[in-house]
Number of protein chains: 2
Amino acid sequence: MAVIRKTKTVESLINFFKKSEHPVSILDLIEKFDTTMDKSTIYRILERLEGSNMIHSFIDSDGVKRYAQLKDEGSSIGKQEKHPHFVCNDCGNSSCLPVKISIPSVPDYIIESAEHLLKGICKNCTPQVK
Amino acid sequence: MAVIRKTKTVESLINFFKKSEHPVSILDLIEKFDTTMDKSTIYRILERLEGSNMIHSFIDSDGVKRYAQLKDEGSSIGKQEKHPHFVCNDCGNSSCLPVKISIPSVPDYIIESAEHLLKGICKNCTPQVK
DNA sequence: GTATTTATTGCAACTTACTTGCAATATTAT
DNA sequence: ATAATATTGCAAGTAAGTTGCAATAAATAC
Ligand SMILES: [Mn+2]
Ligand SMILES: [Mn+2]
Ligand SMILES: [Zn+2]
Ligand SMILES: [Zn+2]
């Protein structure tokens, strides 16, 4: 993986990820940076950022790839090489989950890694008792 | 969901799934039935078969949807509403796994369902001791 | 600083998975 | 057999993602 130059477009994207609450799809980004950068640039930058582990991605249940920042030291999730992801059935937002899911051993298969997508209701969408 | 008519194309696909060892992508099917049916027909039939629970699908780690038959009564996996899937890093074949993965409870989230994609080496690709 | 090297960008053209409208056809119901 | 309607093939369309290339901007060497 080649050097990543600190161009304006790269910095905008990095800043965006620093502030972002939830993983976003490429189309979200293309729309958001509509006037500022070309979609091919966005595709290429995301590829580089992921390749150099500054962001990570997962595949949503409809096959859409979503990108999220790699949180920094302080964050509990930052350390985890791999973590499950969550998609809210209500608002559609997704999240990185700071939990570990254990895999049972499966006869005839050697499991090397796993991807988990949990679905349900996020905190924002949960009816609250006042 | 409307009635599913037993047309030649539908029967071909059902037969194919009955014999199939592994889940297949739509593109696999389009190629396989290249001369026999139109791709739009394949898309539409798969939709109907899945809608009436005769097949099921999952999303591969590269976002590709793969379809597999719903096994019949005898099969251990047939009964399971939900099961994890496996993709071999070596041969690329995928499988339905007849195991249950337990989900830890996650604070602030209500988990309603989960999709698991395990990756590793399948039996065929495992070096065997003679 | 200036010159040099090379990564990155925007643009337009392209590829391709997937969708859609519609008229013709095949199933199913009567 | 007739009528009703689900399904099909085809051709055209949509849109996500890719690519080549010349212009530009970063990083590096001087
Ligand atoms: Mn994550
Ligand atoms: Mn399965
Ligand atoms: Zn929500
Ligand atoms: Zn294998």
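Bear in mind that the values here come from a model prediction, so they are computed numbers and not experimental data. The basis for the numbers below is simple: all heavy atoms, side chains too, and nothing from hydrogens, waters or symmetry mates. Chain naming here is simple, since letters A, B, ... match the order of the sequence lines and numbering starts at 1 in each.
Rounded to an integer number of Å, the gap from CD of Glu11(B) to P of dT27(C) is 9 Å. Atom CE in Met37(A) sits roughly 13 Å away from atom P in dC11(C) (whole-Å rounding). When the C1' atom of dC11(C) is taken as reference, atom CD1 of Ile42(A) falls 14 Å away, rounded to whole Å. Counting to the nearest Å, the C1' atom of dC10(D) and the CZ atom of Phe33(B) are 20 Å from each other. Asp38(B) has its CG atom 16 Å from the P atom of dG21(C), to the nearest Å. Taking atom CD of Glu31(B) as the reference point, atom C1' of dC18(C) lies 17 Å away to the nearest angstrom. The interatomic distance linking Ile4(A) (CD1) with dT6(C) (P) rounds to 19 Å, in whole Å. A straight line from CD1 of Ile45(B) to P of dT19(C) spans 14 Å, rounded to a whole angstrom.
Each of dG9(D), dT9(C), dT28(C) was ranked by its minimum atom distance to the side chain of Thr41(A); first place goes to dT9(C). For Thr7(A), taking side-chain heavy atoms from C-beta onward, the closest of the listed nucleotides dC10(D), dG17(D), dT8(C) is dT8(C). Across dT8(D), dG10(C), dC18(C), the shortest atom-to-atom separation from the side chain of Arg48(B) is found for dT8(D).
In this structure, the side chain of Thr41(A) does not engage the main chain of Met37(A) through any donor-acceptor pair within 3.5 Å. Checked by atom type and distance alone, the side chain of His83(A) never pairs as donor or acceptor with a backbone atom of Cys96(A) at under 3.5 Å.
As judged by a 4.0 angstrom heavy-atom cut-off over every strand, Ser25(B) is placed among residues making no nucleic acid contact.
Residue Arg5(B) places a side-chain atom within donor-acceptor reach of the base of dT5(D), judged by atom type and a 3.5 Å distance cut-off alone.
Comparing Lys6(B) and Gly63(B) by the nucleotide of DNA chain C whose heavy atom lies nearest to each, the residue mapping closer to the 5' end is Gly63(B). Residue whose closest nucleotide on DNA chain C sits further toward the 5' end, between Lys8(A) and Ile30(B): Lys8(A). Both Lys39(A) and Arg44(A) lie close to DNA chain D; mapped to their nearest nucleotides by heavy-atom distance, the more 5′-ward contact belongs to Lys39(A).
Within the structure, a side-chain polar atom (N or O) of Thr9(B) is placed less than 4.0 Å from OP1 or OP2 of dT8(D).
Rounding to the nearest 0.5 Å places NZ of Lys32(A) at 10.5 Å from CG of Leu13(A).
Of the options His85(A), Lys119(A), His116(A), a side chain to side chain donor-acceptor pair (under 3.5 Å) to Glu115(B) is made by Lys119(A) and by none of the others.
Taking a cutoff of 4.0 Å between a charged side-chain nitrogen and a carboxylate oxygen, Glu31(A) and Lys39(A) do not qualify as a salt bridge.
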